[in-house]
2 protein chains.
Amino acid sequence: MSLVRVHNLAVSLDGFATGVDQSLESPFGHAGMRLMQWFHDTATFRRNMGEDPGEPTPDDAFAARWDQGVGAEIMGAGKFGPPGWEDDASWQGWWGEEPPFHSPVVVLTHRPRPALTLGGTTFHFLDTLPRDALEAARTMADGLDVRVGGGPTTVRAFLAADLVDLLHVAVVPVVLGRGTSPWTGLDGIEDRFVSESVTTPSGVTHVTFTRRPRD
Amino acid sequence: MSLVRVHNLAVSLDGFATGVDQSLESPFGHAGMRLMQWFHDTATFRRNMGEDPGEPTPDDAFAARWDQGVGAEIMGAGKFGPPGWEDDASWQGWWGEEPPFHSPVVVLTHRPRPALTLGGTTFHFLDTLPRDALEAARTMADGLDVRVGGGPTTVRAFLAADLVDLLHVAVVPVVLGRGTSPWTGLDGIEDRFVSESVTTPSGVTHVTFTRRPRD
């Protein structure tokens, strides 16, 4: 069975994976680059952006796993665009003509629109529940794994439904004060997983949760 | 100048340093031992409890710093006893006849009572603000450092007042879902500090925040 994986979910010390006040001009809201700077410094991200990737780092060893063996992504509406994108028929996502996914992507939205192909990525807009979205994505992934790409509300929904096999969290030593937590309502979820932690020179702690075998 | 230090502040992935529903029978509330198991396993704690300390571990290297060079502690009312202890004139704290502090301790409470000496520890009950409590504790500490011993509301008040020089946080890979956060209202506080992180075999990440020089 293909796995359901979450990668590079950056979380602040106070447990928030996004800030508030996201907009077209400020996609990360009041968090700015604080949660994602470590990721933007990795060879994986820089290569995707067409920049000199530089030297691989311990952070990159984690970052690079995001698309290895992945055949489809599922993302929430909040990742595809800024608040209100559903009202703009011309909005095509943040990523330009060649989005970095290079696979089918299921976008969960209450306002579906026709599928959109940009480069090697096709976005499918579905108004459905996590389990059904996963079934659709698994079909698209053709035997490979499915990545749940965020944001935190979407990750939380998949965790709450116990659909996640591998969860990679990057704890960043910053305090956001407010934002969206992927953990709300998930008291004790660690019992379902085996966790391992390692800190890198950037100060980020990578925590991987691997689902214990299901009965 | 003596320093103001916080040690062994255990925080969940969702940013809570205590759970809910604390009581006499359940001092850690719904969190149980999840946040503090790593600490209870250290030689430092076991020695204080009169148990065989066992082998020192990386966690113990952090735990052991809690009383080195410390001449007084400040704690919040919520650390001294379970909800309602102020109504019980016979309550003498959780720690029996020989509390582990072995120093003066300022207990911040809106209902002061006479000072209480148990073994090498004297508790002074003060109804005052962080800055004034610190002044009192510094006098008691006789040139040594002052520890802010928690709980999270008290740590937050001292951080908000910019009175903390060293903050040691232990990030524990568990999710509490609800509780009290030491971070509320402290967006961006990391800018005041230099932080370092290290993970130990227990899976805990020790993050130390050292105050940058004040102008």
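Just so we're clear, the structure is a prediction, and the values are computed from it rather than from any experiment. Residue numbering restarts at 1 for every chain, and letters A, B, ... go by the order of the sequence lines.
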Side chain, backbone, both or neither of V174(B) within contact of chain A (heavy atoms, under 4.5 Å):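 Both the backbone and the side chain of V174(B) come within 4.5 Å of chain A.
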
Can you list the residues that meet the ring-ring contact (aromatic ring centres under 6.0 Å, His included) rule with F209(B), with sequence neighbours excluded?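 With sequence neighbours excluded, F209(B) shows a ring-ring contact (aromatic ring centres under 6.0 Å, His included) to F193(B), given in chain and number order.
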
Counting heavy-atom pairs under 4.5 Å with chain A, which one of G179(B), G185(B), G203(B) comes out on top?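 Top option by heavy-atom pairs under 4.5 Å: G203(B).
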
Interchain donor-acceptor contacts below 3.5 Å (chain A, chain B):
{"residue": "L13(A)", "atom": "O", "partner": "W183(B)", "partner atom": "NE1", "Å": "3.4"}
{"residue": "R34(A)", "atom": "NH1", "partner": "D187(B)", "partner atom": "OD1", "Å": "3.2"}
{"residue": "R34(A)", "atom": "NH1", "partner": "E190(B)", "partner atom": "OE2", "Å": "2.9"}
{"residue": "R34(A)", "atom": "NH2", "partner": "D187(B)", "partner atom": "OD1", "Å": "2.8"}
{"residue": "V175(A)", "atom": "N", "partner": "E190(B)", "partner atom": "OE1", "Å": "2.9"}
{"residue": "V175(A)", "atom": "O", "partner": "G188(B)", "partner atom": "N", "Å": "2.8"}
{"residue": "R178(A)", "atom": "NH1", "partner": "D187(B)", "partner atom": "OD2", "Å": "3.3"}
{"residue": "W183(A)", "atom": "NE1", "partner": "L13(B)", "partner atom": "O", "Å": "3.4"}
{"residue": "D187(A)", "atom": "OD1", "partner": "R34(B)", "partner atom": "NH1", "Å": "3.2"}
{"residue": "D187(A)", "atom": "OD1", "partner": "R34(B)", "partner atom": "NH2", "Å": "2.8"}
{"residue": "D187(A)", "atom": "OD2", "partner": "R178(B)", "partner atom": "NH1", "Å": "3.3"}
{"residue": "G188(A)", "atom": "N", "partner": "V175(B)", "partner atom": "O", "Å": "2.8"}
{"residue": "E190(A)", "atom": "OE1", "partner": "V175(B)", "partner atom": "N", "Å": "2.9"}
{"residue": "E190(A)", "atom": "OE2", "partner": "R34(B)", "partner atom": "NH1", "Å": "2.9"}
{"residue": "S197(A)", "atom": "OG", "partner": "G203(B)", "partner atom": "O", "Å": "3.2"}
{"residue": "T199(A)", "atom": "N", "partner": "T199(B)", "partner atom": "OG1", "Å": "3.4"}
{"residue": "T199(A)", "atom": "OG1", "partner": "T199(B)", "partner atom": "N", "Å": "3.4"}
{"residue": "T199(A)", "atom": "OG1", "partner": "T199(B)", "partner atom": "OG1", "Å": "2.6"}
{"residue": "G203(A)", "atom": "O", "partner": "S197(B)", "partner atom": "OG", "Å": "3.2"}

Output for pair (L13(B) CG, I189(A) CD1), nearest 0.5 Å, gives 10.5 Å

